[in-house]
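In what follows, a single structure is set out as structure tokens and then discussed.
Given the structure is predicted, the values throughout are model-derived calculations rather than measurements. Hydrogens, waters and symmetry mates play no part in the numbers below; they use all other heavy atoms, side chains included. Counting begins at 1 with the first residue of the sequence.
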Amino acid sequence: MNFIQILIESFRSMAANRLRTALTMLGIVIGIASVVLLLAIGDSMQRFIGKELQSLGTNMLYVFPGGDRTTAQRARAGTVPSLSIHDAAALNDLPSLTGAAPALQGSFKLSAGNESSNSQVHGITPAMFNIRNWKLDQGNLFSEADVRASSRMVVIGQKVADQFFYKQDPLGRYIRIENVAFQVIGVLAGEGKQIDGSDIAELVLVPITAASANLIKTPFPQNVHYIAAQGRPEMALDDAVEDIKETLRARHRIRLDDPDDFRVQNIASFAETANKISAGVALLLGLIGAISLLVGGIGIMNIMLVSVTERTREIGIRMAIGARPRAVLLQFLAESVVICVAGGLVGVLIAMGGAAAITATGKFEVFLTFQGVLVACGFATAVGVFFGFYPARRASRLLPVDCLRYE
């Protein structure tokens with residue numbers, strides 16, 4: 001028998017027991033659907049985390065006052081030295097950094113017309129837009145001249161614009177922050193979580209000097225809450241961290257044996273940790289799906305053993321008229337593989353439907369990759385060969401005389 005004949009015989013055998021074939025295939029369908037969908041969810045989760053981290057900016061470093069939590073609280077209270085605008089200016093000159101920008105932040109009441117809400121307000125310099133990778137959707141950004149003049153102007157996120165100026169052009173209008181009027185000059189594009197938990201679409205950004213003069217009071221006029229810095233792509237981020245520490249220790253006159261009065265946080269370490277976690281979760285999801293597939297494979301082995309027992313006389317007749325053991329082995333093996341491949345294809349279709357349903361919710365996008373589908377189909381074939389080999393080999397080793405005597 002050639003390969004085509006073996007396949008034809010396999011389909012005839014499956015058609016002769018449609019219900020049993022369907023139930024046998026069900027285990028493979030569930031297993032393949034689980035493997036494909038869970039792997040796709042794991043892969044999409046990694047992409048989602050990467051996209052969210054990208055929105056924070058690349059090669060990002062954040063410098064906070066205080067070497068530990070207690071010292072940081074004392075720094076904010078003004079009882080220990082804090083970071084200043086001059087520290088940011090010194091860091092901005094480091095060759096290992098593309099830039100450094102100071103920032104102030106606080107929660108304030110926003111109002112415009114009949115609308116009001118509480119929101120985080122950030123006082124920043126124009127350099128922060130490039131460092132944090134914030135893009136403009138409409139209008140303009142404030143300039144260094146606006147910072148020097150302490151101009152009361154504000155750049156807002158899309159959600160803030162929709163809340164206070166629904167179906168209106170927000171540019172040129174005013175938002176009152178704690179009863180201080182700030183003119184809207186720009187609206188940011190996009191949305192996504194920031195390192196501090198805020199959303200880009202909910203940002204309220206004002207010149208840092210306007211924030212310190214009108215909103216956020218610090219122990220000293222030049223103090224800032226944190227400094228954001230961006231390392232140069234061609235240089236190691238660890239080198240930039242060391243440069244920052246050296247510069248700030250020298251500026252703060254910290255003795256050699258004394259601890260830092262500031263903290264440097266590396267976003268790249270957060271990204272690496274997040275990727276490890278997401279990769280581990282993806283692997284765990286794949287293993288859960290593989291267990292389902294293993295159960296389906298065991299079901300196929302059982303059914304194939306039952307099929308060999310039921311068709312013992314058929315095997316004896318074929319061998320008696322000249323069929324070789326190899327042909328019998330290939331026939332039963334082909335039946336197992338066909339069941340697994342057919343179940344695998346149905347499982348892939350179900351996984352595609354599941355991915356589309358999850359994506360349709362709008363909360364999370366799940367994409368099935370071509371490589372994932374290929375791996376699933378290949379895995380289904382491997383399961384068919386692995387779990388079908390023992391029943392097929394058992395059938396091929398039966399003696400014609402014993403088969404013909406079988407009742």
Side-chain angles (χ1 to χ4, degrees), residues 14 21-58 133 189-195 197 199-201 267-301 303 336-388:
M14 291 168 58
T21 300
L23 292 175
T24 305
M25 195 183 296
L26 185 60
I28 297 299
V29 170
I30 295 173
I32 290 294
S34 300
V35 169
V36 174
L37 186 57
L38 291 176
L39 286 178
I41 290 174
D43 182 62
S44 299
M45 183 173 60
Q46 285 184 286
R47 296 180 184 218
F48 175 78
I49 291 174
K51 181 181 177 182
E52 291 299 311
L53 290 171
Q54 182 68 23
S55 69
L56 300 179
T58 57
N133 200 27
E191 59 183 50
K193 292 294 182 182
Q194 303 290 285
I195 188 173
D199 193 313
I200 296 176
I267 295 300
S269 63
F270 293 164
E272 184 178 349
T273 302
N275 285 332
K276 286 181 180 179
I277 293 173
S278 60
V281 172
L283 179 61
L284 179 62
L285 293 176
L287 288 176
I288 293 172
I291 291 172
S292 302
L293 196 56
L294 180 64
V295 173
I298 294 172
I300 283 183
M301 180 183 284
I303 294 299
S336 174
V337 171
V338 166
I339 290 175
C340 285
V341 171
L345 293 175
V346 174
V348 168
L349 292 176
I350 292 175
M352 292 174 64
I358 295 173
T359 303
T361 62
K363 297 181 179 179
F364 189 67
E365 291 182 331
V366 179
F367 300 100
L368 266 65
T369 62
F370 180 70
Q371 293 87 346
V373 173
L374 273 183
V375 169
C377 292
F379 204 53
T381 305
V383 167
V385 172
F386 182 80
F387 287 99

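- Closest heavy-atom contact between Val36 and Ala351: CG1-CB, 3.7 Å.
- Residue Met352 qualifies as open at atom CE: its count of foreign heavy atoms under 6.0 Å is 12 or below.
- A side-chain contact (heavy atoms from CB on, under 4.5 Å) with Val346 is found for one member of Leu349, Ile350, Val348 and no other, namely Ile350.
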